[in-house]
Amino acid sequence: MSPDEFAAAQWSRATGAGVDPHEYRRVTDGLTSVADWGPSFVRTGHAYLRRAQDAGSARSAGEHLLMAARWFHLATLAPYAEAPRAAAEADRALGRALTLLEPGARRVSGEGFTGWLRGPSDAPGTVVVVPGLDSAKEEFLDLASALLARGLAVFAMDGPGQGVLAATTTFVPDYERVVGRVVDALGVARIGIVGMSLGGCFAARAAALEPRVAAVACVSGPFRLDWEELPPPVRDIMALRAGGAEAAREFVRDVDLTALAPRIAAPLLVVDGGQDVIPGVANGESLARLAPHGTHLSVPHGDHLLGNARPDWLPRLGDHLTHTLTGAPA
């Protein structure tokens, strides 16, 4: 794939993550190969660190640091030997930003997870945001902002094989156990959970098997995966995150929600994009149909993660979680 083709394929995801589209074009227009992606994005992240250092206020510094976190994370989307370092820089930039912007934010870590709990201590509900195959907590800052604006607390996490933990851990099929430990660590009686991409499958599993999940939403999450049909780049990422090709095959065999969907007692919103067509991936319509309280929202022009269609689903997702967790209209 040429660098132009790769940049075009990542356009919606990157801008959906909150980077400026004009800056994205400036950075990617200068790429001569896909191998340049990681170093170029890291350099852009460092430019934001310098802006933060020179900023005239804590607010400006914090905003620059949040943008640095986005660019460092996006550096990991192409094959890049220094991806673990970029993920660590994204994690540090996010931590520094929240320290400046939200003094009440709290780092919470445990076996197989780490992340930031944000929002009021007396929030009427807490939502856990679960990333996917190669995403991380830094990718969904705008989703977190939408939930925080509704008065909810948000715990944006990296789990095994994800984000800053990808260098030292691998994917686990029983992600519901990780979510259970997260709920224990947060000290809340019940949570909402939203999963993005492969995280949608993790969220659905948790909703089926962890009784403290009271509301769930899945965005571009697979209902089932077929290893033989998955595109080679997806297989490569899966093998990297799962600990090898054979481990990835075994992991993919476990990605099938047919038996678990009927056990999801919590209200469930499944969001799919009509343009999200990846070979080997069954989208979420079956999940919504089999779940006792499932609703399927299909956005015809939406792509994977629907970064090109946020007005069509993000407010509805925020309202779904808010209403379910609080019992009041958002």
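This one's a predicted model, so the numbers in the text were calculated from it and none came from an experiment.
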Item checked: Joint cluster assignment, Val252 & Leu260, ILVMFWY side-chain distance < 4.5 Å ->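 Yes, because Val252 and Leu260 connect within a single hydrophobic cluster, where side-chain heavy atoms sit under 4.5 Å apart.
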
Note to self: side-chain hydrogen bond (donor to acceptor under 3.5 Å, both in side chains), that's the test. Do Ser40 and Asp36 meet it? Break it down for me.
What the structure shows: CA-CA 6 Å; Ser40 295; Asp36 296 333; 6.0 Å; no

Check: Would you call the rings of His64 and Tyr48 parallel, tilted or perpendicular, where under 30° means parallel and over 60° means perpendicular?
Finding: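 Aromatic pair His64/Tyr48 classed tilted.
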
Notebook entry, point to check: Aromatic rings Phe155 and Phe113: how do their planes relate, parallel, tilted or perpendicular, breaks at 30° and 60°?
Noted result: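 Ring orientation of Phe155 relative to Phe113: perpendicular.
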
Check: Is there side-chain contact between Phe223 and Leu290, with at least one heavy-atom pair below 4.5 Å?
Finding: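 SC-SC contact between Phe223 and Leu290 confirmed.
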
Are the charged groups of [X] and [Y] less than 4.0 angstrom apart, N to O?
X      : Y      : answer
Arg212 : Asp184 : yes
Arg150 : Asp319 : yes
Asp20  : Arg25  : no

Next item on the list: Would you please name every residue forming a ring-ring contact (aromatic ring centres under 6.0 Å, His included) with Trp116, sequence neighbours left out?
Entry: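 Residues passing ring-ring contact (aromatic ring centres under 6.0 Å, His included) with Trp116: none at all.
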
Next item on the list: May I ask you to check if Arg235 and Trp227 form a cation-pi contact, with NZ or CZ under 6.0 angstrom from the six-membered ring centre and within 45° of the axis?
Entry: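 Yes, cation above the ring, under 6.0 Å and within 45°.
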
Checklist line | Test of ring centre spacing under 6.0 Å for Tyr80 and Trp37 | finding: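 No: the rings miss the under 6.0 Å criterion.
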
Check: Do Ser298 and Asp272 have a side chain donor and acceptor closer than 3.5 Å?
Finding: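 There is no such pair (donor and acceptor under 3.5 Å, judged by atom type) between the side chains of Ser298 and Asp272.
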
